[in-house]
Amino acid sequence: MQALIDEVLPALESAMASVGIQGDYWRKMLARSKEASQGDLALPCFPFAKQLGCSPDEVAQQIVDVLELDIGQAVAVGPYVNIRASMDWLAKQLSKTVESKGLILIEHTSANPNGPFHVGRARNAVLGDTFTRMHRAAGYDVIAEYYVDDMGKQVGILCWALENLDEAQVQALLAEGEIPIEDSPHSSKEDHIRVLWYQAANLLRAKDPAVDDGVTELVQLSEEADADVLARFEAAYQPVLDGMLVTLSRMGIEFDSFTKESTFIVDGSVEVLMNQLQSSELHCVAENGAHYLELESKGIQGKSTRFYYRRGDGSSLYATRDLAYHQQKWTRSGRLLNILGEDHKLQSKQVSIALQELDTQPPEVVFYAFTKLADGKMSTRRGNVVYMDDLLDEAQVRAYAVVKEIRSDLSQERLQEISDAVGISATRFNIARISPDKGITFRWADALSLEADSAPFIMYSHARACSIHRKAGKVDTSVGLDISALEGSAGELVRRMAYMNEELQTAIDSASPHQFCAWLSALAVDYNRFYRDNHVIDDAGIDVQNYIISELARDYLRRGCEAVGIIPVEEM
RNA sequence: GGGCGCGUCGCAUAGCUGGAUAGUGCACCGGCCUCCUAAGCCGGGUUCCGUGGGUUCGAAUCCUGCCGCGCCCGCCA
């Protein structure tokens, strides 16, 4: 909408001046209309009434009387000036190409490789990948990055378990701890196998202190960049990580690069940075020699004002390595975006302050609220989880039932292909369409919903457009679109499409992928209405004008789907 | 105890840089396939926008008290 505002403003300015309204405080009042029927932009005239000594309705009319727009028209409706862009102006927006906007590194997911990917983590992955896709659609180059925790306690426990427990012990411990061993098609995946060792070791820790001793020793060695231990860690977690990545790939989520936490111990950058921090004005040393930054002066309140970055024994902490990691990321991209759960808010703030002490710019961060089960928080350790592999299976089974019902004419193979796409798209969209700061309680029915306002609805609209495209065959479109003649639902469809790039950019800038999801749903609605009112193919042959619009919409629907991770199948 | 976030129809959700009758989906009721995919379209809503104050011409939106829910407050990751 900003492009339209920019175009309208000069004319409006002179109109306001000639009516007698001083200043430019009203500029920010010019905003998009709430309803399409009211036009594209609206200016409320209440505040001018007193100044001019007449009613808001009269002010609106006066402004409209002197306002000369060449990109649309203005009408006074009560106390509002409503401005509607002309079809010609909208058409110009459609023909604009996406400009290149530079590089951004988006780090997301980065889940500990200690077990299968579960739905609690899915929000990070779906949001991260949706941001990645939206940025790409808007003209950015994106590095999708996964930070691998390859040296913490969790990996240490996994490694210890695999080296010290045999299968019988694992089975016995899990039975005793009442952690169910799932029997699923994925039971033979390494992430699903190795998580049992991880869970068993966690149970054993509670009664055998030798476990923690062993783990602690491993973790300490890893922090000293012990090559042997790091290699053993990798041997333990890599098959798990690979399994997780298979799940993510199934959801259409791929990464361009992986960075291991141990990198920054091995290359010494953490040590360099810890020494640098000593010259910070915030630097303090605790009684036992631990180093921290005192953040009280930086607006951190309560008990958490100390940011420890070096232990009493001289070693670094996770957060310290995170600082080194951010410095490394800045060497790869001029913009950084992190997708983090709300539990990382404080830590992220502390890291940002510490980075500034190192003369390093903090990253942009998007936080999202947790996904929990109806009976509490998810935990891989306790086995209180719904694994993504199982959710996707279920989604695809349910989708298959629906698709088969409707399309009995399709081959088994085609049915499977479509229902897989529907299942995955619906699962993703059900996450992406919700505001990130709204908490989600996981319910099967919601997660698998195939109803309207969901991915299948949008996919269906796209499939309709594809069907028309197939049926129409080769069409001579050289006459072009006579856009000024458009009205009704065809005009509304064009209007919707014209704002795609702005909607995309706004969703990116305000970290609100759900807004773009809403735009996409609205586009699908508009296409369905266009479809109802305007036939492309009928007895008389093909209506070229309608065909061109349908083809435009097909392209916009496809691009929109790709930008939010919906698979735009061509029939369903 | 302190910090951050959330609370909108039976359920879910949008709107939150103040402005027009608070949108949308589900559920429920009715209508539309001799015509390009009916997973669609059209019609049907009395919501103290958690609650009490305040600011304003105007408050779901801003300020503030209270209530409820979530997250965080390790020399863990």
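In what follows, every heavy atom counts, from backbone to side chain, and hydrogens, waters and symmetry copies are set aside. Proteins get letters first, then strands, A, B, ... in listed order; numbering begins at 1 in each.
Considering only side-chain N and O atoms, Arg433(A) lies nowhere under 4.0 angstrom from the phosphate OP1 or OP2 of A12(B). Applying the 4.0 Å criterion to OP1 and OP2 of A77(B), one finds that Arg311(A) has a side-chain N or O inside that range. Considering only side-chain N and O atoms, Arg532(A) lies under 4.0 angstrom from the phosphate OP1 or OP2 of C42(B). Contact annotation: Lys438(A) side-chain N/O to A14(B) OP1/OP2 distance is under 4.0 Å. Contact annotation: Asn528(A) reaches the phosphate of C41(B) (side-chain N/O to OP1 or OP2, under 4.0 Å).
Across the protein-nucleic acid pair, Phe307(A) atom CZ and C76(B) atom P stand 13 Å apart, rounded to whole Å.
Heavy atoms of Ala463(A) sit under 4.0 angstrom from at least one base atom. Residue Met572(A) is in base contact, counting any heavy-atom pair closer than 4.0 Å across all strands shown.
Position along RNA chain B of the nearest nucleotide to Val525(A) versus Arg407(A) favours Arg407(A) as the more 5'-ward residue. Projected onto RNA chain B by closest heavy-atom contact, Lys345(A) and Gly439(A) fall at different nucleotides, the more 5' of which corresponds to Lys345(A).
Without hydrogens or angle criteria, Gln350(A) side chain to Ile300(A) main chain gives no donor-acceptor distance under 3.5 Å.
Remark: the separation of the C1' atoms in G54(B) and A59(B) is 11 Å, to the nearest Å.
The closest side-chain heavy-atom distance from Phe307(A) to Ile353(A) is not below 4.5 Å.
The aromatic rings of Tyr147(A) and Tyr325(A) sit parallel, their planes meeting at an angle under 30°, below the 60° perpendicular limit.
Counting distance only, with no hydrogens placed and no angle test, the side-chain atoms of Gln347(A) and the base atoms of A77(B) include a donor-acceptor pair under 3.5 Å.
The side-chain contact (heavy atoms from CB on, under 4.5 Å) with Leu221(A) is formed by just one residue from the set Thr216(A), Asp226(A), Leu230(A); it is Asp226(A).
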